[in-house]
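Before any comments, here is the structure.
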Amino acid sequence: MNDGSKVRVLAIDDNVAIHDDYRKVLCGWSEPPSALDGLESLVFGAQAREPKSNSRLLFELETADQGQEGLAKVRAALAEDRPFSIAFVDMQMPPGWDGLRTIQEIWKLAPELHIVICTAYSDRSWDEIVATLGTTDRLLLLRKPFDPNEVLQIASSLSEKVRLQRISDRRMHELTNLAAELQCVNDRLQDEIEGKEIIAGHLRESATKDSLTGLRNRGSLMQRLEGLPEVGPGCPDRIAAIYVDVDNFKTINDSLGHEIGDRYLMGVAGRLREAQDELRGMESFRIVETYRLGGDEFVVLLVGPISVEELEQAMENLRTSTAEPLKIGQKMMPISLSLGASGSGGRKVQPEALLREADTAMYRAKAAGKGRSAIFDEAMNRELSKRIEIERDLHIAAAESSFEVVYQPIVDLKLGEVVSLEALVRWPKRFGTMVTPDQFIPLAEQNGTILSLGRCVLRRACFMARAWNSSGREGSPVSINVNVSRRQLQDSDFLSDLDRILEETAVPPALLNVEVTESAMIESPEIFLRRLQEIRRRGVRVHMDDFGTGYSSLSFLHQMPLDAVKIDRSFTTHLATRTTSNAVMSCIVMLAHQLGMKVTVEGVETREQARRIADFGCDSGQGYYYAKPMPETDVLRSLEEIRRRLRVVRDSELTLVGPGERVR
Ligand code: C2E
Ligand code: MG
Ligand code: MG
């Protein structure tokens, strides 16, 4: 063996003389010839003391007389971790185990051990041996008497085999280690890949799922709609979208805080899921999926051979699933949904169009009173086309600044003269037709064109206010009222725009009144409170428009930094006929005056109404009775004319009442 360690050989033979023979042959051990030499030549023949090769130095021999002793030596060698590589075992070893039994026992302990069984011709045949020990490459047969060269040759070739085996084992061990290391690296890579897959999965999920409710989001709805097979004529399947909007959610969110708002939305999503599961049990709905578009808007997508009645039924199910109030903390909070649906009806659907139609139907349902549902129809289709057209033209008009401003006088009831002019936007469209603000302001708010439109109106109105007040006309200065919508107030550039316009037009801030609507204030009071304070800090006055059309007006009045309230036209119309209008009007006037605010009344159309509002103690009035909105070129002339007209009215009333009596 070239690794320096010797090959350990065990010889088991009951004839101790033979032990020495093995020693001589394998270890080169020599002694002066003795009486035993005779016996030696008996076993090994004439060459018993023959050549001593270097190979002998490779062996380390141990001997045993009996099988049991041999087994014990094998066991001890294993325990010391110095196992034998080769064993020579005699076949007949009375009185103990014979060779076969010995080998059987040894192999139980050391199955790798190479064994040479030594038999005389009279002993067992090879077949018998194999029948007992089985066929193996670890067993050789050596017939007695041995030739020492044979023993040496066998021992050498077996030791070479053992050496090669050891090298192979070592290599195998190294390979196994290497394979284990590779396996480790592989496992690590696998872990990394799995980790990356998990992250990618999370990313994929967050790209398609809404994190608050766990429902799929708008992107995934669009993908789904685009991926649906076409449902053309002849196919019984329909694709329907139900647009779901939570009524009054903004008020809940603003008044109870975002945490409650989030929990409320999660509760609503849970209820929609329950309804979805119920719909899935119905035959006509092959696909039922719920998505959250954002905010308080959800969409339920339905695919299957759905009839209009079944679509209505599905909406009914969605509403009944939310009939029970939600329990959030200690509060029971009712849910009200407005639903709008649109179906493919056998035509190819464009995802955007389907959702816009469902959205339009939902708006129609909401406008009819909250908690209702509607299905998109022809009339809505026409309305939608008009809306789309106006929206498109609005963008163009905003880009070209093609809006005009008209002005409507506001008259001081005590002075009997115009103290302010309200700027009202007009949109001159094709063929000289005017589009009224009611038709386009809500759309301009939705698509954001209100921002540029509002800036144009503010700039023009301020410019004109400056011009009219420096014209040298008679009477008190006339201020300008400009409507500012909720979207404008929310815009972070609003205050800087206002500063720039005041500076550019050099109008005194005290001559500018900003009109904000009550509904804007109710939706997000904290934001508006801060904005209004900022506006007033600049010396600009804030008037609350359309007062009385919202819900909590009176409770808001004392919290808001306001200079005046404008009582909505709806009260003026019924002044003479309804006692409630009278009561509300006198109540508002009293409260406003106590809070140091002025009161203007809108929509004064008759002399009678003008007289009544003066009786209630209102400060000013606005309406067709005094003047309709007019182009800027008519304003100066109109101011004079109104003054003259009001003087005539006052004089005639004085005549009617008689000298010495006071009017009102
Ligand atoms: P508003 O601010 O309450 O304006 C008063 C509206 O009532 C005006 O309608 C005016 O023409 C109308 N009106 C005035 N007196 C009478 C009357 O005696 N009888 C009747 N039946 N109506 C009368 P208009 O100009 O159609 O404006 C409608 C609304 O559009 C305005 O209501 C205002 O909220 C909004 N708006 C108008 N111009 C602008 C603007 O430049 N910016 C913003 N954000 N909103 C505007
Ligand atoms: Mg107004
Ligand atoms: Mg108004």
Side-chain angles (χ1 to χ4, degrees), residues 394 397-398 401-411 418 420-428 433-465 479-491 494 497-498 501 512-521 541-550 553 562-575 588 599-610 612-613 618 620-632 638 642:
L394 258 181
S401 302
S402 55
F403 297 101
E404 286 178 9
V405 186
V406 293
Y407 299 86
Q408 186 178 29
I410 297 170
V411 171
V418 177
S420 192
L421 289 152
E422 177 170 9
L424 295 162
V425 72
R426 293 291 176 267
W427 182 15
T433 53
M434 285 280 184
V435 188
T436 60
D438 292 335
Q439 285 176 284
F440 67 87
I441 294 281
L443 287 178
E445 285 225 8
Q446 260 174 40
N447 71 12
T449 43
I450 190 74
L451 298 178
S452 55
L453 181 157
R455 262 193 307 270
C456 284
V457 174
L458 183 63
R459 183 176 286 111
R460 188 69 197 164
C462 287
F463 177 80
M464 290 315 296
S479 47
I480 192 91
N481 284 29
V482 178
N483 293 287
V484 173
S485 76
R486 186 182 62 192
R487 180 89 184 253
Q488 285 173 273
L489 279 180
Q490 280 172 337
D491 183 30
F494 179 76
D497 284 347
L498 176 66
I501 290 170
L512 175 62
N513 304 319
V514 161
E515 291 192 10
V516 293
T517 62
E518 190 187 5
S519 57
M521 297 217 239
R541 299 207 164 89
V542 178
H543 294 197
M544 189 194 271
D545 205 354
D546 306 337
F547 188 74
T549 51
S553 338
L562 296 169
D563 298 283
V565 288
K566 294 183 78 177
I567 298 177
D568 190 66
R569 200 170 73 220
S570 51
F571 291 95
T572 323
T573 321
H574 303 294
L575 262 187
I588 294 172
V599 178
T600 304
V601 180
E602 298 180 317
V604 181
E605 292 182 348
T606 64
R607 191 165 157 180
E608 176 60 15
Q609 287 167 347
R612 277 178 182 267
I613 62 166
C618 301
S620 46
Q622 175 184 7
Y624 297 167
Y625 172 66
Y626 307 107
K628 288 197 169 176
M630 63 192 77
E632 59 192 33
S638 178
I642 294 168

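One-based numbering, in listed order, for ligands and for the atoms of each.
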Notebook entry, point to check: What do the steps show when you test E632 against R460 for salt bridge (charged side-chain N to carboxylate O under 4.0 Å, His left out), and what is the final call?
Noted result: CA-CA 10 Å; E632 59 192 33; R460 188 69 197 164; 2.6 Å; yes

Next item on the list: Under the side chain to side chain contact (heavy atoms under 4.5 Å, CB included) rule, what do Q408 and L424 come out as? Steps first, then yes or no, please.
Entry: CA-CA 8 Å; Q408 186 178 29; L424 295 162; 4.0 Å; yes

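Note: L421 CG to N481 CG = 8.5 Å, rounded to the nearest 0.5 Å. How far CZ of R455 is from CZ of F494: 10.5 Å, rounded to the nearest 0.5 Å. Between T436 atom OG1 and I441 atom CD1 the span is 9.5 Å, to the nearest 0.5 Å. For the atom pair CD of E605 and OH of Y625, the computed distance is 12.5 Å after rounding to the nearest 0.5 Å. To the nearest 0.5 Å, atoms CD (E515) and CD1 (I480) are separated by 10.5 Å. Rounded to the nearest 0.5 angstrom, T573 OG1 and Q609 CD are separated by 6.5 Å.
Rounding to the nearest 10°, we obtain 170° for the angle at the Mg ion (ligand 2) between D545 OD2 and E422 OE2.
In this structure the side chain of N513 reaches within 4.5 angstrom of the side chain of S420, judged on heavy atoms. Counting heavy atoms from C-beta outward, P631 and R426 have side chains that stay 4.5 Å or more apart.
Checking V457, I410, L424 against atom 10 (C) of ligand 1, the nearest heavy atom belongs to L424.
Closest to atom 7 (O) of ligand 1 among all protein heavy atoms lies R569 NH1, 3.5 Å. Considering only non-hydrogen protein atoms, atom 18 (O) of ligand 1 sits nearest to Y624 N, 2.9 Å. The nearest protein atom to atom 43 (C) of ligand 1, hydrogens excluded, is given as N483 CB, 3.5 Å; this is a heavy-atom distance. The shortest contact between atom 38 (N) of ligand 1 and any protein heavy atom is with V425 N, 3.1 Å.
The distance criterion of under 3.5 Å between nitrogen or oxygen atoms is not met by P437 with respect to ligand 1. Backbone and side-chain nitrogen or oxygen atoms of T436 are examined, and none is located within less than 3.5 angstrom of a nitrogen or oxygen of ligand 1. In terms of N/O distances under 3.5 Å, ligand 1 is approached by E422.
Residue contacts with ligand 1, taken as heavy atom pairs separated by less than 4.0 Å, involve D438 solely via side-chain atoms from C-beta onward. Contacts with ligand 1 closer than 4.0 Å are made by side-chain heavy atoms of D545 only, the backbone lying farther away. Neither the backbone nor the side chain of V406 has a heavy atom within less than 4.0 Å of ligand 1. In R426, the part holding a heavy atom less than 4.0 Å from any atom of ligand 1 is the side chain.
The atom of E602 nearest to the Mg ion (ligand 3) is OE2, with the search restricted to N, O or S atoms. D546 contributes OD1 as its N, O or S atom closest to the Mg ion (ligand 3).
The distance from ligand 1 to the heavy atoms of E605 drops below 4.0 Å at these ligand atoms: 17 (C), 18 (O), 19 (N), 20 (C), 21 (N). Counting atoms of ligand 1 from 1 in the listed order, those under 4.0 Å from a heavy atom of I441 are 43 (C), 45 (N), 46 (C). Heavy-atom contacts of P629 reach the following atoms of ligand 1: 11 (O) (cutoff under 4.0 Å). Residue-ligand proximity, Q488 to ligand 1, at heavy-atom distances under 4.0 Å covers atoms 44 (N). Applying the 4.0 Å criterion to heavy atoms of S485 picks out, from ligand 1, the atoms 44 (N). If you number the atoms of ligand 1 from 1 as listed, the ones under 4.0 Å from a heavy atom of E602 come out as 3 (O). Close contacts between ligand 1 and G623 involve ligand atoms 15 (N), 18 (O) [criterion: under 4.0 Å to a heavy atom].
Ligand 1 does not have G454 within reach: every non-hydrogen atom of the residue lies 4.0 Å or more from it. Q622 does not count as a contact of ligand 1, since none of its heavy atoms falls under 4.0 Å from the ligand. Ligand 1 does not have K566 within reach: every non-hydrogen atom of the residue lies 4.0 Å or more from it.
Atom 27 (O) of ligand 1 lies below 4.0 Å from at least one non-hydrogen atom of the protein. When distances from atom 16 (C) of ligand 1 to the protein are checked, a heavy atom turns up under 4.0 Å. Atom 30 (O) of ligand 1 is approached by the protein to below 4.0 angstrom, counting heavy atoms only.
Here the shortest heavy-atom pairing between I613 and G621 reads CD1-CA, 4.1 Å. Listed here is the closest heavy atom pair of D545 and E422: OD2-OE2, 4.3 Å. Closest heavy-atom contact between N483 and A423: ND2-O, 3.4 Å.
Shown here is F463, whose CZ atom has no more than 12 heavy atoms of other residues, nucleotides or ligands within 6.0 Å. Surrounding CZ of R541 are at most 12 heavy atoms belonging to other residues, nucleotides or ligands under 6.0 Å away.
With hydrogens and angles disregarded, no donor-acceptor distance shorter than 3.5 Å links the side chain of R459 to the backbone of I501.
Metal site remark for the Mg ion (ligand 2): T517 contributes no N, O or S atom at a distance under 2.8 Å. The Mg ion (ligand 3) lies at 2.8 Å or more from every N, O or S atom belonging to E515.
Classification of the F440-W427 ring pair by plane angle, with boundaries at 30° and 60°, yields perpendicular.
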